[in-house]
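Inspection log for the structure reproduced underneath, given as structure tokens.
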Amino acid sequence: MNTMISMRIWTDKGQEILYDTENLIFEIEDTFSATRAGTDIYELNANKNNWVALSPSTLEVLAYAKEITASTKGAFNPMVYPLVKAWGFTTSSQQVPSPEEIASILPLVDTTLLSLNEETLQGQVLGGAEVDFGGIAKGYAVDEIATFLEENQVDTALLSLGGNVYTLGKKTDGSLWNIGIQNPYGGGSVGSVAVFDKAIITSGGYQRYFTYEDETYWHIIDPRTGNPAKSGLASVTVISDSGMYGDCLSTALFVMGLEESIAYWNSHQDFDAVFITDEEDIYITEGIADVFTLSKGYSSGSLQVIES
Ligand code: ADP
Ligand code: MG
């Protein structure tokens, strides 16, 4: 998944469960990677205008991604892959594509170019469209791992897949987990949230980016403009029951910006969030007001609670 993964599992069953969990991650990567030949997503993209056999889990995630695209009015869009490639984020060398190139790609970033058939277990992309699970796979993975661990009688685990954290159960002493929210402007955290049985998922411009002629470009793209999203936010952390929801949503809210994100939160009310703005102000939704602790000495910006 091109990221650091850390898993801490409390069990009396020995090392075995850790290896099983690792294999689960490899399986997900072998199904979802867009860059590795033979995966469902690779084959879907490579065989445009043809029906391709897909696993039930791929169909489930594709269908879910389409729903989120609709509910976020296209701020999250799994069809963003041709743009991600044009900017070079699939490789080690990035570049700024011309406005003409972006304009020619934008019509491909459209979920109606993705057809799914749940009965025959097939999918198809039309024209030059391509799918990318980069904004959803890690959230899906933490959910799968958590479910697997629960099925194996593990009550306590702390998972982190490159900024995608999941807390299974409470700590063994019965207390909550304190999960730090990284400061996008430098080392350390701006604060922490005390939670259990939650996904805590962050999207930020600081995670993968390049600079060109004094301008910074990052890997979260506004599918509506084709450019890296500049919405006034430096990072968004979503706290939710489902990791897949939190992963999609953290990306989508980062694209939307604060105002549109607050409207989305108001109309859905099924997650909490921490927003850090370009001015280094912190906004948290009221559901976590009692469990958010600002880091001692954080004075770069103000802290405000968003109420419904
Ligand atoms: P990270 O992968 O660093 O945790 P995100 O979850 O925000 O960050 O996902 C960013 C990845 O998702 C990008 O690398 C790209 O592959 C893909 N992506 C970029 N912009 C979007 C978008 N607007 N909607 C869906 N996927 C996106
Ligand atoms: Mg995401």
Side-chain angles (χ1 to χ4, degrees), residues 1-5 28-29 32-36 39 41-42 45 61-62 64-92 94 102 105-106 108-111 114 129-143 159-166 181-182 184 199-210 217-231 233-240 242-257 260-261 264 271 273 275-276:
M1 296 197 183
N2 199 13
T3 196
M4 275 284 282
I5 294 179
I28 293 169
E29 191 160 40
F32 289 174
S33 168
T35 51
R36 186 133 38 96
T39 74
I41 298 303
Y42 184 93
N45 292 340
V61 177
L62 285 169
Y64 188 84
K66 280 182 106 167
E67 274 173 38
I68 295 284
T69 305
S71 87
T72 62
K73 299 194 178 78
F76 179 89
N77 193 325
M79 313 304 287
V80 79
Y81 201 48
L83 288 170
V84 173
K85 285 203 295 193
W87 284 91
F89 283 112
T90 50
T91 66
S92 52
Q94 282 88 44
I102 290 175
I105 295 172
L106 278 178
L108 304 175
V109 185
D110 179 352
T111 49
L114 168 67
E130 289 184 319
V131 172
D132 175 16
F133 273 180
I136 191 170
K138 293 192 285 282
Y140 171 84
V142 293
D143 289 343
L159 314 171
S160 174
L161 280 66
N164 297 247
V165 172
Y166 190 88
I181 311 290
Q182 200 177 323
I200 304 97
I201 297 194
T202 300
S203 285
Y206 61 92
Q207 282 163 331
R208 202 167 292 177
Y209 63 90
F210 68 97
Y217 302 93
W218 44 69
H219 71 313
I220 301 173
I221 309 233
D222 186 337
R224 302 166 295 195
T225 66
N227 294 309
K230 288 220 162 139
S231 65
L233 293 174
S235 77
V236 178
T237 301
V238 171
I239 295 112
S240 54
S242 151
M244 184 154 68
Y245 186 44
D247 199 2
C248 294
L249 217 51
S250 65
T251 307
L253 301 181
F254 184 88
V255 170
M256 287 180 194
E260 211 184 323
S261 292
Y264 188 94
F271 66 95
F275 303 93
I276 303 176

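For ligands, and for the atoms within them, numbers begin at 1 and follow the listed sequence. Values below: every heavy atom of this structure, side chains too, minus hydrogens, waters and symmetry copies.
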Distance dump, ligand 1 polar atoms to protein, N/O, under 3.5 Å:
unit_1   : atom_1 : unit_2 : atom_2 : d
ligand 1 : 2 (O)  : Lys138 : NZ     : 2.9
ligand 1 : 3 (O)  : His219 : NE2    : 2.9
ligand 1 : 6 (O)  : Asp247 : OD1    : 2.9
ligand 1 : 6 (O)  : Thr251 : OG1    : 3.2
ligand 1 : 7 (O)  : Ser203 : OG     : 2.7
ligand 1 : 7 (O)  : Thr251 : OG1    : 2.7
ligand 1 : 8 (O)  : His219 : NE2    : 3.4
ligand 1 : 12 (O) : Gly135 : N      : 3.0
ligand 1 : 16 (O) : Asp132 : OD2    : 2.4
ligand 1 : 20 (N) : Ile221 : N      : 3.0
ligand 1 : 23 (N) : Ala75  : O      : 3.0
ligand 1 : 23 (N) : Ile221 : O      : 2.8
ligand 1 : 24 (N) : Asn77  : N      : 3.0
ligand 1 : 24 (N) : Asn77  : O      : 3.4

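The distance from the CD atom of Gln94 to the CH2 atom of Trp87 is 10.5 Å, given to the nearest 0.5 Å. Thr111 contributes atom OG1, which lies 11.0 Å from atom CG of Leu62 (distance to the nearest 0.5 angstrom). Rounding to the nearest 0.5 angstrom, the gap separating the OG1 atom in Thr237 from the CD1 atom in Ile201 is 10.0 Å.
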Test side-chain contact (heavy atoms from CB on, under 4.5 Å) on Phe271 and Ser242 and set out the steps. CA-CA 9 Å; Phe271 66 95; Ser242 151; over 6 Å; no
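A donor-acceptor distance shorter than 3.5 angstrom exists from the side chain of Asn164 to the backbone of Leu161, with no hydrogens or angles considered. The closest donor-acceptor contact from the side chain of Ser33 to the backbone of Glu29 lies at 3.5 Å or more, if one exists at all. A donor-acceptor distance shorter than 3.5 angstrom exists from the side chain of Thr69 to the backbone of Phe76, with no hydrogens or angles considered.
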Could you list the donor-acceptor pairs under 3.5 angstrom formed between side-chain atoms of residues 130-140 and any protein atom two or more places apart in sequence or on another chain?
unit_1 : atom_1 : unit_2 : atom_2 : d
Glu130 : OE1    : Lys85  : NZ     : 2.6
Glu130 : OE2    : Lys48  : NZ     : 3.0
Glu130 : OE2    : Lys85  : NZ     : 3.3
Asp132 : OD1    : Gly134 : N      : 2.8

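Within the protein, the N, O or S atoms sitting under 2.8 Å from the Mg ion (ligand 2) are Asp247 O, Asp247 OD1, Thr251 OG1.
Taking the side chain to side chain donor-acceptor pair (under 3.5 Å) definition, one finds that Tyr245 meets it with Asp270, sequence neighbours left out.
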